[in-house]
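Working notes for the structure below.
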Amino acid sequence: MRATLRAAKEHFQLYRGDRIEKWANRIKVGRSDFNKKHSVKKNLVDLVKTKNMNHYYAKIDGRDVLHIVVDLAQGNATKSSIRDVLRRVGGETVELNYKGTTAKDRYGHVAVRVGNGALYDLNGTQGVATLPKFMERTLTFIRGKKDLTFARKRNMRKFMEGRKEMPNAEGSVYYGMLFAASHAEVKQTQKLYNERLKQATNFRMGGGDSSKGEYSCAQFLTEGVPFFNSRGVGKNIGAKSTTSAAKSSLQLEAVVVYKTPSVPAKKAQQYP
């Protein structure tokens with residue numbers, strides 16, 4: 001029963017609507033302190049210096065890319081780091097977030113935060129997530145099958161601040177790849193994903209027919225999405241291939257590495 005409750009909390013985070021979530025974020029995070037005279041990258045370079053944030057630079061295709069490290073499950077320290085980043089560049093960026101592979105999920109997963117709005121993603125239990133036995137039996141009894149499709153809209157700040165270090169569980173790492181976005185691009189991308197949430201009918205790990213509402217997690221976020229397609233991230237089926245394309249994009253401004261404490265720094269630096 002405890003495992004079922006944990007799974008339900010992870011998959012079904014309550015999203016209270018755009019207005020309430022934005023209002024709550026405004027209270028928790030505060031007013032933007034983005035310096036309009038500088039790029040997103042320069043704003044983040046200044047941020048890590050003034051806040052003395054844990055960070056490193058990694059070579060990607062010959063470029064030095066800033067990586068800001070945020071340790072999860074550290075209470076106020078975690079909240080402070082996440083909110084500092086969002087306060088500085090949240091409204092000026094779209095974040096492609098990749099969850100690294102684990103023994104439980106060897107494929108990885110991707111989600112997208114759009115400006116100060118929601119975190120969008122598509123998940124499913126077909127061949128990817130294993131539900132607790134009690135939940136499987138309940139779903140099978142109600143729906144006739146245990147497979148589910150989650151076309152979700154969540155609050156990324158709340159999700160990251162709520163991550164915990166689970167005893168005897170493999171640590172988690174999330175890589176938030178930041179891309180500068182105009183107000184018009186944020187609105188266009190939000191509108192597209194909101195429409196796609198209503199269209200998604202089935203999760204297909206190997207990709208599906210989008211005209212029928214069938215997608216893999218990466219396909220859901222990349223197929224026919226101008227913001228990413230114009231930045232070299234085309235239609236992709238897999239989370240790893242999407243992440244590789246995003247890393248190679250010349251428009252990549254910086255990466256936020258969210259990790260649980262049990263994950264060594266060297267391991268956190270290894271992603272597609």
Side-chain angles (χ1 to χ4, degrees), residues 22 25-26 28-71 78-98 110-120 155-157 160 173-193 221-222 225-234 236 242-259 265 268-269 271-272:
K22 286 181 180 179
N25 279 338
R26 180 63 177 272
K28 298 288 186 180
V29 176
R31 281 183 165 289
S32 169
D33 59 6
F34 181 77
N35 187 338
K36 296 181 180 179
K37 295 180 180 179
H38 299 306
S39 66
V40 167
K41 178 181 178 179
K42 181 63 166 62
N43 268 273
L44 289 171
V45 169
D46 291 343
L47 177 66
V48 297
K49 289 180 180 178
T50 57
K51 296 289 185 177
N52 194 29
M53 299 179 73
N54 186 12
H55 68 283
Y56 63 91
Y57 285 88
K59 283 282 187 185
I60 300 178
D61 295 338
R63 296 191 303 134
D64 286 320
V65 178
L66 172 66
H67 288 62
I68 303 172
V69 181
V70 174
D71 280 309
T78 297
K79 293 179 181 179
S80 178
S81 295
I82 292 173
R83 294 175 188 185
D84 282 341
V85 173
L86 291 176
R87 187 182 308 114
R88 181 59 60 95
V89 299
E92 287 71 31
T93 55
V94 167
E95 176 176 334
L96 177 61
N97 196 285
Y98 168 68
V110 282
V112 172
R113 170 187 59 80
V114 185
N116 282 325
L119 178 75
Y120 298 88
N155 183 313
M156 194 201 78
R157 176 187 59 78
M160 290 299 179
V173 190
Y174 305 82
Y175 303 93
M177 291 160 280
L178 302 178
F179 294 84
S182 67
H183 179 68
E185 287 175 323
V186 167
K187 287 190 67 175
Q188 179 193 48
T189 308
Q190 283 178 331
K191 182 180 179 181
L192 190 156
Y193 285 151
L221 298 167
T222 60
V225 180
F227 181 84
F228 286 120
N229 299 163
S230 65
R231 287 162 172 78
V233 184
N236 279 295
T242 299
T243 303
S244 294
K247 276 183 61 180
S248 299
S249 173
L250 294 177
Q251 283 76 42
L252 177 66
E253 298 281 341
V255 179
V256 183
V257 182
Y258 311 88
K259 71 178 188 68
Q269 295 179 21
Y271 67 110

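Being a predicted model, the structure only gives us computed values, none of them experimental. Side-chain atoms are counted along with the backbone in the values below, which use heavy atoms only and exclude waters and symmetry mates. Heads up: numbering here begins at 1 and tracks the sequence.
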Between [X] and [Y], is there a donor-acceptor pair closer than 3.5 Å when you use the side chain of the first and the backbone of the second?
X	Y	value
Lys247	Ile60	no
Arg88	Asn43	yes
Ser81	Val70	no
Asn35	Asp33	no
Thr50	Leu47	yes

When rounded to the nearest 0.5 angstrom, what distance separates [atom1] in [X] from [atom2] in [Y]?
X	Y	atom1	atom2	result
Thr243	Leu96	OG1	CG	6.0 Å
Arg26	Asn116	CZ	CG	9.0 Å
His67	Met177	NE2	CE	9.0 Å
Leu44	Phe34	CG	CZ	8.5 Å
Arg87	Asn25	CZ	CG	11.5 Å
Met53	Ile68	CE	CD1	5.5 Å

*Test ring-ring contact (aromatic ring centres under 6.0 Å, His included) applied to Tyr120 - qualifying residues, sequence neighbours left out*: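 Tyr193.
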Check [X] against [Y] and note the closest heavy-atom contact, atom names and distance.
X	Y	answer
Leu119	Ala111	CD1-CB, 3.8 Å
Ala246	Phe179	O-CZ, 3.7 Å
Asn236	Ala245	ND2-CB, 4.3 Å
Ser244	Pro272	OG-CB, 3.5 Å
Lys41	Asp64	NZ-O, 3.9 Å
Gly234	Asn229	CA-ND2, 3.7 Å

*Taking Tyr258 as the fixed residue, which of Thr78, Asn97, Val173 is the one that meets the side-chain contact (heavy atoms from CB on, under 4.5 Å) rule?*
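One option only clears the test, and that one is Asn97.
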*Among Glu92, Gln251, Arg113, find the one that has a side-chain contact (heavy atoms from CB on, under 4.5 Å) with Leu178.*
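Checked Glu92, Gln251, Arg113 against Leu178; only one passes side-chain contact (heavy atoms from CB on, under 4.5 Å): Arg113.
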_Please evaluate residues Phe228 and Val94 with respect to the criterion side chain to side chain contact (heavy atoms under 4.5 Å, CB included), reporting the C-alpha separation (whole Å), side-chain torsions for both, the decisive distance (0.1 Å), and the verdict._
CA-CA 9 Å; Phe228 286 120; Val94 167; 3.7 Å; yes
*Is Lys49 salt-bridged to Asp46, cutoff N-O under 4.0 Å?*
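Result for this pair is no, no salt bridge flagged.
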*Who pairs with Glu185 by side chain to side chain contact (heavy atoms under 4.5 Å, CB included), at least two apart in sequence or on another chain?*
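So Glu185 forms a side chain to side chain contact (heavy atoms under 4.5 Å, CB included) with Ala181, Ser182, Phe227, Arg231.
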*Go through Tyr271 and Val257 one step at a time and tell me if the side chain to side chain contact (heavy atoms under 4.5 Å, CB included) criterion holds.*
CA-CA 10 Å; Tyr271 67 110; Val257 182; 5.7 Å; no
*asked:* Quick one, Val255 and Tyr98 - any side-chain contact, counting heavy atoms below 4.5 Å?
replied: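 No; the side chains remain at least 4.5 Å from each other.
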*Can you find a side-chain donor-acceptor pair between Glu95 and Thr93 that sits under 3.5 Å?*
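Distance-only check fails for Glu95 and Thr93.
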*Please test Arg63 against Leu252 for side chain to side chain contact (heavy atoms under 4.5 Å, CB included), starting from the C-alpha separation and ending with a verdict.*
CA-CA 10 Å; Arg63 296 191 303 134; Leu252 177 66; 3.8 Å; yes
_Derivation and outcome, side chain to side chain contact (heavy atoms under 4.5 Å, CB included), residues Lys187 and Lys191_ = CA-CA 6 Å; Lys187 287 190 67 175; Lys191 182 180 179 181; over 6 Å; no
